[in-house]
Amino acid sequence: MPAGSRRPIQAPGRLESALRAAQVWPAEPPMSLPFEPQNGPVTLGALRHSVSHVMADAVLRLSPEGKVAIGPPIENGFYYDFELPRPLTEEDLPRIEEEMRKILGEAGEFTCLTLDRAAAEERVRASGQPYKEELLADIPEGEAITFYEHGTWGDLCEGPHVETAKQIPGDGFRLTSVAGAYWRGDSDRTMLQRIYGTAWWSKKDLKKYLAYLEEVQARDHRKLGRELDLFSLHPDFGAGLVFWHPKLGHVRRQLEEWWWQLHYARGYWPVYTPHVAGEPVFEQSGHLQNYAEMIWAPMDVDGRPHRVKPMNCPGHVTIFNSRRHSYRDLPKRYAELGTVYRYEPSGTLHGMLRVRGFTQDDAHIFCTPGQLEAEIVGVLELTDLILRTFGYEYTAYLATRPEKSLGDDAVWEHAMDALKAAAARIELPLADDPGGGVFYGPKIDYKIKDALGREWQGPTVQVDFNLPERFDIQFNDADNTLKRPVMVHRAIYGSMERFVGGLIEHFAGWFPVWLSPCPVSVLPITEEQEEAAAGVLAKVLAAGFHGVLKTDGPLRKRVRESEVEKIPYMVVLGGREVDEGRVNLRVHGVKEQRSMGVDEFLGFLRDKRDSKALNF
RNA sequence: GCCAGAGUAGCUCAGGGGUAGAGCACCGCUUUCGUAAAGCGGCGGUCACGGGUUCAAAUCCCGUCUCUGGCUCCA
């Protein structure tokens, strides 16, 4: 399976997408926050774009020799890139904000000025702004060339903007961070300095957004991973390699066991393939030629170079190829929780989400062209089941043929038809991702939305014409001729590391009962009830749940401890409960306590577990 | 890999040329408790690493490593 990329989709990073965003204004800017921002006289995007102009104005007032590059609006805010005589630090931001408020007080109207090319070139040259000259040169002939001006500032810009500075609330924006960014997103070009900010129609919305950012921080899987003792990283042991601690190990086991159940029920078979292979394998697959920088350095084995596997496909293909197949035996569905290693640049490593060693929930389906559609339907249905179980909303995208690609039109056509027909059969709407396919075939990619409204790259289903060709895989068809099977790659979790890292944030560390490493804490009020409490814990453990008995310190301390450890159920036992043979149940997020019999409680827990309930 | 910032106890952080600090966690004792932090005592650090300046460096300078925020990249 190719890289199962699951990463929060950040602000559009590339210049192209930034420009696209600036040119084609969606009626509603992309917004996936858990609150509805207030409306204003123009779009939020126009507001943010305007604030970015005001910021650029402020930065140049403070640093007149600075050069400006681009400053588009992005999701939830804006940025502007500069080349400045000295690097900016966070401490500069309040000073810039102050200058911006001053500008807002005097700016007045935002006006749009359309110039012909000669006049525009003249103006830009006179301003001594080389980046703007380059941008101007790239505006296609015949397109309008516009400048937006406010006060003493003017900028080559597509717009749109607010009408007047009065529409920009002085307390509705904030500069959030500074960062380096390549000019035009090209790592061979100048590193500019970027200031990110956020802007809203009101102080209230800004506050809501900042509170949202705090929530994002509080849920950061690295923070929760440390606090809840879920996982750790040890750069000296190996950068980008995850240590799963017992609690998270439990979560992973549950996910894996369920995954295997689902796959067995759908005709997949487990396979296990070596972690190391001789280099010729990856030459044959084409990965070594095309993605050498991603594959770990070779190791010498008996004088022959070997590589740690960066993907599982060649192994699965090798199994398929180890004997002749009849059309009667197809499709073959090989599944493996396959651990792979990829060299990711040091600056990109990020907790569990971007690592150098990870386990993919990989599977490859080898089928006849005629079976393709039905196989894809099976994958799409399974994907829906899995995503829904975690409470993820999703959108599926059909990624079509890219410019650089292999294979006949007819073959692509067939694969695309199969993907479309499969989606139609289960009434899965497909958004378009034109040219987004891989060079070896089209695919359906899922974007999933987590509890905070953030989008992540989700599952992917890819049709592959390349590997069957490269490994010359065949089956014997009904007409007794050898034919080429179609290969489908698919991963649903993607990688255990990314998926579980994402789950930690999605659930804010409160794993549902079926995953929870410790759903129950038993709290006797005094020593008198300890024996009874131990009895309750034994029953909880016998029912297949983890639980903990806490006896040390006052009750309220143990309640707090349980809450901090994100244990959803607290079973409190005082003299009353023991006398009545009942327990007092405190449930996370539920105000009222409940009294129930021990068996009733165990039944309740089982229901939550077996239904994979998302609430407690 | 690139730009910037940061590395002080397990965690969160203070200190800033003259013998290393706090809270939490952990250990021990006291406390026996009705739903989010009882009290006292103790353990714990080569102040990331290497070099330099200085009578003296955790502190100033240089280099390296790692982490953080972005950028590039993620078949």
Side-chain angles (χ1 to χ4, degrees), chain A residues 1-7 10-11 13-15 79 81 83-84 86-92 176-196 220 222-223 226-227 229 232-236 239 285-287 289-291 293-295 310-311 313 342-351 353-356 358 402 437-441 443 457 460 462 464 466-467 489 494-495 498 521 523-530 551-565 570-577 584-588 591-593:
Chain A
M1 187 67 231
S5 233
R6 287 175 38 82
R7 192 177 188 214
Q10 306 285 358
R14 295 163 172 283
L15 173 85
Y79 66 81
D81 288 345
E83 188 184 319
L84 296 170
R86 76 167 171 91
L88 290 167
T89 69
E90 306 259 335
E91 282 90 70
D92 294 315
T176 50
S177 62
V178 293
Y182 298 110
W183 167 232
R184 307 217 124 178
D186 182 344
S187 55
D188 293 328
R189 304 190 68 166
T190 319
M191 175 69 69
L192 303 170
Q193 298 195 56
R194 175 170 297 178
I195 302 177
Y196 281 102
D220 188 307
R222 295 167 300 178
K223 179 176 147 80
R226 203 169 37 240
E227 289 171 358
D229 191 18
S232 57
L233 296 161
H234 303 272
D236 292 334
S285 71
H287 292 102
Q289 297 87 316
N290 292 316
Y291 307 105
E293 72 289 348
M294 180 212 88
I295 304 179
M311 81 297 295
C313 348
R342 295 180 185 178
Y343 177 78
E344 302 287 350
S346 57
T348 66
L349 301 177
H350 183 89
L353 299 180
R354 188 77 185 271
V355 294
R356 285 184 177 155
F358 51 96
V438 196
F439 70 90
Y440 53 70
K443 61 177 177 176
Q457 185 62 50
T460 165
Q462 313 188 347
D464 185 355
N466 181 48
L467 275 191
H489 307 252
S495 86
R498 272 185 180 170
S521 75
L523 312 178
I525 289 177
T526 71
E527 237 165 41
E528 302 278 294
Q529 294 88 37
E530 274 186 30
T551 58
D552 198 22
L555 178 64
R556 70 176 171 284
K557 179 181 182 179
R558 288 174 277 146
V559 166
R560 180 186 142 80
E561 253 175 40
S562 304
E563 197 69 35
V564 167
E565 291 167 30
M570 294 178 214
V571 172
V572 179
L573 285 160
R576 273 203 305 276
E577 284 75 18
N584 177 281
L585 183 65
R586 177 189 165 118
V587 181
H588 172 64
K591 247 209 157 97
E592 318 74 52
Q593 297 157 27

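Keep in mind it's a predicted model, so treat the numbers as computed, not measured. First the proteins, then the strands, lettered A, B, ... as listed; each starts at 1.
Of the listed nucleotides (B:C2, B:G34, B:U35), B:U35 has the atom at the smallest distance from the side chain of A:Q593. The A:E344 side chain lies nearest to B:C74 when the options are B:C74, B:G1, B:G70. Of the listed nucleotides (B:A38, B:U32, B:G70), B:U32 has the atom at the smallest distance from the side chain of A:E527. In the set B:C74, B:A37, B:G70, B:A37 carries the atom at the smallest distance from any side-chain atom of A:R556. Listed nucleotides B:U12, B:C33, B:A36 differ in distance to A:P554; the shortest reach to its side chain belongs to B:C33. With B:G5, B:G69, B:C33 as the choices, the nucleotide that has an atom nearest any side-chain atom of A:T89 turns out to be B:G5. Set against B:C33, B:G1, B:C2, the side chain of A:S346 has B:G1 as its closest nucleotide. The side chain of A:I525 approaches B:G34 more closely than any other nucleotide in the set B:C11, B:G34, B:A36. Of the candidates B:U32, B:G1, B:U35, the closest approach to any side-chain atom of A:P345 belongs to B:G1. Taking the side chain of A:T348 as heavy atoms from C-beta on, and the options B:G70, B:U12, B:C73, the nearest nucleotide is B:C73.
Taking the side chain as every heavy atom from C-beta outward, A:L585 and A:V571 approach each other to under 4.5 Å. In this structure the side chain of A:Y440 reaches within 4.5 angstrom of the side chain of A:Q462, judged on heavy atoms. Residues A:Q593 and A:M570 fail the side-chain proximity criterion, which asks for heavy atoms closer than 4.5 Å. With a 4.5 Å cut-off on side-chain heavy atoms, A:V572 and A:E577 do not count as touching.
Nearest heavy atom pair, residue A:Q193 against residue A:L88, reads OE1-N, 2.7 Å. Nearest heavy-atom pair, A:L523 versus A:S562, reported as atom, atom and distance to 0.1 Å: CD2-OG, 4.1 Å. Closest of all the heavy-atom pairs between A:E90 and A:S177 is OE2-CA, 3.8 Å.
A:R498 contributes a side-chain N or O that forms a donor-acceptor pair with the base of B:C74 under 3.5 Å. Residue A:E577 places a side-chain atom within donor-acceptor reach of the base of B:G34, judged by atom type and a 3.5 Å distance cut-off alone. Remark: the A:Y182 side chain and the B:G1 base include a donor-acceptor N/O pair separated by less than 3.5 Å. Evaluation of atom-type donor-acceptor distances gives no pair under 3.5 Å for the side chain of A:R342 against the base of B:C74. Counting atom types as modelled, A:D188 pairs no side-chain N or O with a base atom of B:U72 as donor and acceptor under 3.5 Å. Between the base of B:C67 and the side chain of A:R222 there is no donor-acceptor pair shorter than 3.5 Å.
Residue A:N584 is classed as a base contact, given a heavy-atom separation below 4.0 Å to a base. Residue contacts for A:T526: at a heavy-atom cut-off of 4.0 Å it reaches a base atom on one of the strands shown. Across all strands shown, A:G575 has heavy atoms under 4.0 Å from base atoms, whether or not it also approaches the sugar-phosphate. At a threshold of 4.0 angstrom between heavy atoms, the contacts of A:R576 include nucleobase atoms, whether or not backbone atoms are also involved. A:A179 comes within 4.0 angstrom of a nucleotide base, judged by non-hydrogen atoms across all strands.
Spacing between atom NE2 of A:H234 and atom P of B:U66 amounts to 16 Å, rounded to whole angstrom units. The NZ atom of A:K557 sits 7 Å away from the C1' atom of B:A37 (whole-angstrom rounding). What separates CD of A:E227 from P of B:U12 is a distance of 9 Å, to the nearest Å. Between A:E90 atom CD and B:U68 atom C1' there is a gap of 11 Å when expressed in whole angstrom units. For the pair A:D92 CG and B:G5 P, the computed distance is 10 Å after rounding to whole Å. Distance, A:D220 CG to B:C67 C1': 13 Å, rounded to whole Å. In this structure, CD of A:E565 is placed 15 Å from P of B:A37, rounded to the nearest angstrom. One atom, CD1 of A:I195, and another, C1' of B:A4, lie 12 Å apart when rounded to the nearest Å.
Remark: B:A36 base-pairs with no nucleotide; criterion is Watson-Crick or G-U wobble with both hydrogen-bond distances under 3.5 Å. Shown here, B:G69 forms a base pair with B:C3; the pair counts as Watson-Crick or G-U wobble because both key distances fall under 3.5 Å. Using N1 to N3 plus N6-O4 or O6-N4 for Watson-Crick, or N1-O2 and O6-N3 for G-U wobble, each under 3.5 Å, B:G16 pairs with nothing. Using N1 to N3 plus N6-O4 or O6-N4 for Watson-Crick, or N1-O2 and O6-N3 for G-U wobble, each under 3.5 Å, B:C74 pairs with nothing. When both pairing distances are held under 3.5 Å, B:G41 makes a Watson-Crick or G-U pair with B:C27.
Taking the C1' atom of each, B:A56 and B:U19 are spaced 11 Å apart, rounded to whole Å. Look at the C1' atom in both B:A14 and B:G23: the space between them is 11 Å, to the nearest Å. B:C61 and B:U53 are spaced 7 Å apart, taking the C1' atom of each and rounding to whole Å. Taking atom C1' in both B:C33 and B:A38, the straight-line distance is 9 Å, to the nearest Å. B:A48 sits 14 Å from B:A9 when the C1' atoms are compared, rounded to a whole Å. Nucleotides B:U8 and B:G44 place their C1' atoms 14 Å apart, quoted to the nearest Å. The same atom, C1', is picked in B:C47 and in B:G16; the two are 11 Å apart, to the nearest Å. Spacing between B:G7 and B:U12 at atom C1', rounded to whole Å, works out to 14 Å.
Look at A:R558 and you won't find any side-chain N or O under 4.0 angstrom from OP1 or OP2 of B:A36. Between A:H350 and the phosphate of B:G69, there is a side-chain N or O to OP1/OP2 separation shorter than 4.0 Å. Between A:Y196 and the phosphate of B:C71, there is a side-chain N or O to OP1/OP2 separation shorter than 4.0 Å.
The residues A:R184 and A:D186 are annotated as not salt-bridged, no charged nitrogen and carboxylate oxygen being separated by less than 4.0 angstrom.
Nearer to the 5' terminus of RNA chain B, by closest-nucleotide assignment, is the contact made by A:E528 (compared with the other of A:Y291 and A:E528). Judged by closest nucleotide on RNA chain B, A:R226 is the one of A:R226 and A:V572 placed further toward the 5' end.
Side-chain atoms of A:T526 and A:E528 form no donor-acceptor pair, as typed in the model, at a separation below 3.5 Å.
The environment of CD in A:E227 is crowded: more than 12 heavy-atom neighbours from other residues, nucleotides or ligands sit within 6.0 Å.
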